[in-house]
Asks: 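Below you'll find the structure I mean.
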Amino acid sequence: MANGSLPAYLSSAKPNPMDKRAPWFATIAPSYAGIFLWIAFYDVLGRTLQVGGLAGALIGLVAAAMVSYLLFYKVFGMLGMQTGLPLYVVGSSTFGTKGGYLFPGVFMGLLQIGWYSVATFFATRLVIDGLSDNPDYLKTLFDPAEANRGFSAVFVIVAIAWGYIFALIGSFGIQYVAKVSQFFPIIPLVMLIVAAVCGASGLGSFQAKPAEGQSLSVLAGACLMVQMVIGFFATAGAAGVDFGTAARNSKDVSLGGLAGVALAVLVAGGL
């Protein structure tokens, strides 16, 4: 297609200049590490213990970390670094102008709505958990069978309030959110370390309890772990194009991914 017939959002796209790029430890690594240090990532990883025990869970975690880095991040990160252009522009080189508008344009936009919904769910659960210390009350709020097979009115009200308040904070203070996000992963990391230290005394006597009617399978547990990690990370890996535009060279892309993706998966999931 001739350059003159390109849509305005493509023809006006300009690569991120080198003087505005920064080291991997200030851009790619903390951005990705924050994703894996989010409770939505590791909240249910422990279910693999009932399938493959501790060995299956850890083997799967190592495999998932390397697959995430090599197959779901690095190529995209390199594309972002080499072109300096965001995902919606790079995607058009594969899907065409119309396809690029839909994939990854509209699709990734809808995906962000979904992720914000997930974040709102976990935040709402935490808020209500903090406001009430009555187990029966919490059971009514969170157990679908106890709440007419759906969320209670209290849950919905808190979720709407939280969602809109923090959406406004984000929209008006996005430049401050970006600065804070570089240091924010430290908070959940410290929380995970404290929890791990507190529970370390029982690690030596830990025995995995398989689900009723099943036996432990290291292979099945490892495969389940890989499935859970990749299912969580796959679309965020494609966003590596956007993160890669901040990289100065291929070394930044590699080190940023090794620290922010592979190592973060092992640390957050392992703890």
Side-chain angles (χ1 to χ4, degrees), residues 13-42 61 64-91 104 108-109 111-112 115-116 118-119 123 166-167 169-194 196 229-230 232-271:
K14 296 181 180 180
N16 188 34
M18 282 294 177
D19 61 344
K20 292 187 178 180
R21 303 191 185 193
W24 59 272
F25 54 80
T27 54
I28 298 175
S31 297
Y32 268 123
I35 296 174
F36 291 110
L37 288 167
W38 181 30
I39 191 174
F41 168 64
Y42 55 78
L61 200 62
M66 297 314 299
V67 169
S68 296
Y69 167 71
L70 291 172
L71 301 185
F72 287 86
Y73 158 77
K74 192 170 183 179
V75 172
F76 296 105
M78 287 294 184
L79 283 172
M81 183 274 297
Q82 293 170 352
T83 64
L85 296 169
L87 179 61
Y88 72 89
V89 177
V90 174
M108 291 297 281
L111 188 69
Q112 296 310 310
W115 276 120
Y116 192 74
V118 173
F166 280 88
I169 292 175
S171 62
F172 287 114
I174 187 64
Q175 69 272 24
Y176 304 109
V177 173
K179 293 179 180 178
V180 172
S181 65
Q182 296 183 12
F183 307 99
F184 179 76
I186 296 174
I187 299 174
L189 176 59
V190 170
M191 293 171 63
L192 277 175
I193 292 174
V194 170
V229 174
I230 298 301
F232 174 87
F233 176 69
T235 53
V241 174
D242 295 319
F243 293 134
T245 60
R248 303 164 300 175
N249 48 49
S250 58
K251 185 177 180 180
D252 274 344
V253 175
S254 298
L255 291 177
L258 286 171
V261 178
L263 182 61
V265 168
L266 294 174
V267 172
L271 288 176

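In what follows, residues are counted from 1 in the order of the sequence shown. Bear in mind that the values here come from a model prediction, so they are computed numbers and not experimental data.
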Asks: I'd like to check V253 versus Y73 (side-chain heavy atoms, cut-off strictly below 4.5 Å). Are they in contact?
Replies: yes

Asks: Do you know which two heavy atoms are closest between I230 and A64, and how far apart they sit?
Replies: CD1-O, 4.1 Å

Asks: Are the side chains of T235 and W115 in touch, meaning some heavy atoms are under 4.5 Å apart?
Replies: yes

Asks: Would you compute the distance between atom NZ of K74 and atom CE of M78 and round it to the nearest 0.5 angstrom?
Replies: 5.0 Å

Asks: Measuring from atom OG1 of T83 to atom CG of N16, what distance do you get when rounded to the nearest 0.5 angstrom?
Replies: 10.0 Å

Asks: So, Y32 side chain and A259 main chain: donor-acceptor pair closer than 3.5 Å or not?
Replies: no

Asks: Does the ring center of F233 lie less than 6.0 Å from the ring center of F36?
Replies: yes

Asks: Side-chain contact, heavy-atom cut-off 4.5 Å: P86 with V241?
Replies: no

Asks: Rounded to the nearest 0.5 Å, how far does OH of Y69 lie from CG of L263?
Replies: 12.5 Å

Asks: Going by heavy atoms in the side chains, are F166 and Y116 under 4.5 Å from each other?
Replies: yes

Asks: With a 4.5 Å cut-off on side-chain heavy atoms, are N249 and D252 touching?
Replies: yes

Asks: Less than 6.0 angstrom separating the ring centers of F243 and W24, yes or no?
Replies: no

Asks: Please give me the minimum heavy-atom distance between L61 and G270, naming the atom from each residue.
Replies: CD2-N, 3.2 Å

Asks: Could you tell me how the ring of F41 sits relative to the ring of F232: parallel (under 30°), tilted (30 to 60°) or perpendicular (over 60°)?
Replies: tilted

Asks: Quick one: pull up CG in L271 and CG in L266 and give me the separation to the nearest 0.5 Å.
Replies: 10.0 Å

Asks: For the residue pair L37 and A268, what are the closest heavy atoms and their distance?
Replies: CD2-CB, 4.0 Å

Asks: Mind listing the closest non-hydrogen atom pair of A13 and V89 along with its distance?
Replies: CB-CG2, 3.7 Å

Asks: If I compare all heavy atoms of G257 with all of I28, which pair ends up nearest, and what's the gap?
Replies: N-CG2, 4.2 Å

Asks: To the nearest 0.5 Å, what is the distance between NZ on K251 and CE on M81?
Replies: 13.5 Å

Asks: Show the nearest heavy-atom pair for residues P15 and L85, with the distance to one decimal.
Replies: N-CD2, 3.5 Å

Asks: For the atom pair OG1 (T245) and CZ (R21), what is the distance rounded to the nearest 0.5 Å?
Replies: 6.5 Å

